[in-house]
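By convention in this document, chain letters (A, B, ...) are assigned in the order of the sequence lines, proteins followed by strands, and residues within each chain are numbered from 1. Both backbone and side-chain heavy atoms feed into the values below; hydrogens, waters and symmetry mates do not. All values derive from a computational prediction rather than experimental measurement.
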Number of protein chains: 2
Amino acid sequence: MYSIGEFSKLSGFTIKTLRFYHEKQLLEPSAVDPATGYRYYDNANIERARIIRQLRKMEFSLSDIRDILDKYDDQAEMLDYLEGHKKTIQAKIIQYQNVKKTIDNLIKNEKEAIMTMKDSGFEVEEKQVDPILVAGVRMKGKYSDCSVGFQKLGRAFGRYIKGKPLCLYYDAEYREEDADFEPCMPIKQHVEKEGFSVRQLTGGKCVCLLHKGPYDQLGRSYARILEYVKQKGLKMNCPTREVYIKGPGIILKGNPKKYLTEIQMFISD
Amino acid sequence: MYSIGEFSKLSGFTIKTLRFYHEKQLLEPSAVDPATGYRYYDNANIERARIIRQLRKMEFSLSDIRDILDKYDDQAEMLDYLEGHKKTIQAKIIQYQNVKKTIDNLIKNEKEAIMTMKDSGFEVEEKQVDPILVAGVRMKGKYSDCSVGFQKLGRAFGRYIKGKPLCLYYDAEYREEDADFEPCMPIKQHVEKEGFSVRQLTGGKCVCLLHKGPYDQLGRSYARILEYVKQKGLKMNCPTREVYIKGPGIILKGNPKKYLTEIQMFISD
DNA sequence: GATACAGCCTCCATCAAGGGGAGGGTCAAG
DNA sequence: CTTGACCCTCCCCTTGATGGAGGCTGTATC
């Protein structure tokens, strides 16, 4: 016969937990002093406690454990229970793996944005851009309708998306209304969908500039880039691209002052 | 302005949850009618609700979410939070994977025992046994002390164990006291440990019989097997092996009537 | 015998993240 | 004006414990 304190050390459960299990009729002391209410445990309780520990480690609920202890005396009879429980556990694993994937993506995106900003002196530079497979929706209207296009792309290509969103501008100059542009999302593999253009964008040499700040101030950066092009006597090709390195995030909309956009203008000498 | 019912549909939270979030000051309606207590939400609430949904999907706690919404307006500032949370999630994944592994093992063991029993007609038969790598503790004493040996093996070789426990009996006849035997555990790789003999057991031809029932009735099966050996004029070699296909389980001690033990006696003509 | 202190008791409250339901007030349409 | 849908607050329930208040009990020591 052990007092609750002794039994606590033997079983590895706290005193509180033992009282709780008693209340739940999961692990009942072999004797309770009717005068004092003191609980006393014996060796049979130790065995039962051991079983409960094992099952708790496997994340069985207390009611499941009571069920098991009541119904079964052989592990073979538990097979169904185990199979069912395994499915539950498996589902949780998958769920958490998805959460982890999401978080990893967020972290990766932010880190990339930070790196891009560090590497850039926010000066106009010439660089080589690789070809890229994208899905796009060509639109006419106001620039701000862009986001509608990205929403459509997100819904349609969700899991194929891999990379930063970008937008092609087909007008040779700035247009307030009735602009001709095409929001695009880089995708992992070729998938055709009604209403979207899926194709490989050609790479090539371009003049580019990283713009930091809200979209309505892109004009200043465009001015700088155009000046550079004029000075060097380069010839620009349509469409212009904007790559949204960091914009309104998936979670927080963020501070527009911190948005990062790369303007890419393809050139030929 | 939306009523709580409309906003519930817009945001995807139940009415109960919205009221709960209001109470927790996580998502407060833009207006509350002081006379009726009716809650009214606006578009800014929709955006905040969207953020909360995203973060809840990632299993952030409500207090974390409130923290994030209060402190940060840019995802980049959340990086530490995300990294910390990722670790938590990762830990859960590992934990659940371990649980799953344990359950898988239990299921596998029970299924194997069931298969073995189905395949066997509980008749004496001759078969070829493969060599096997084991860790063993040689002991002298009562058979029932066997379990002590297995406990030692379990503690010492825990994660290297792979297979059913077995025991070697070095006495030529049955001994109540002072028997000479060696509990063994099959292991995956050679690991030396003080006090244990780690070696490859040789395989070979043996006469064997599956015994179903408690260990104290093994005598009957031994009698059957010895009769067979005598009849066929075979020569037995020491030590005899008992393989515990199904004994007291890891969780439930089980019903001794269902225990399965294979007796293996190695023979040479 | 008194006292100190450890150990035990019951009862109540708390956590997270809501869900269920009772009992009662409110809104809009017919 | 009524009806039915909608909304309100308040309280209890879930799971698996944990923490604390206030009060007994048991044993050792002085």
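For B:Lys92 and C:dA16, the NZ to P distance is 13 Å, given to the nearest whole Å. In this structure, A:Arg19 places its CZ atom 11 Å from C1' of C:dC11, rounding to the nearest Å. The nearest whole Å value for the distance from the CZ atom in A:Phe20 to the C1' atom in C:dC9 is 18 Å. Whole-Å rounding puts the B:Tyr2 OH to D:dC7 P distance at 15 Å.
Side-chain atoms of B:Lys16 come within donor-acceptor range of the base of C:dG21, with a qualifying N/O pair under 3.5 Å. A donor N or O paired with an acceptor N or O is not found under 3.5 Å between the base of D:dG16 and the side-chain atoms of A:Lys24.
For the pair B:Ser3 and D:dC7, the criterion of a side-chain N or O lying under 4.0 Å from OP1 or OP2 is met. The shortest distance between the side-chain N/O atoms of B:Thr17 and the OP1/OP2 oxygens of C:dA17 is not below 4.0 Å. OP1 or OP2 of D:dT18 sits under 4.0 Å from a side-chain N or O of A:Thr14. Between B:Arg56 and C:dA17 there is a side-chain polar atom (N or O) within less than 4.0 angstrom of OP1 or OP2. A close approach under 4.0 Å does not occur between any side-chain nitrogen or oxygen of A:Arg66 and OP1 or OP2 of D:dG16.
A:Tyr2 and A:Tyr40 have their aromatic ring centers separated by at least 6.0 angstrom. In this structure, A:Phe196 has its ring center under 6.0 Å from that of A:Phe157.
When heavy atoms are screened at a 4.0 angstrom cut-off, A:Tyr21 is found touching the sugar-phosphate backbone but no base atom.
A cation-pi arrangement, defined by a distance under 6.0 Å to the six-membered ring centre and an angle within 45 degrees of its axis, is present between A:Arg53 and A:Phe13.
Nearest nucleotide to the A:Tyr38 side chain, out of C:dC9, C:dA17, D:dT18: C:dC9.
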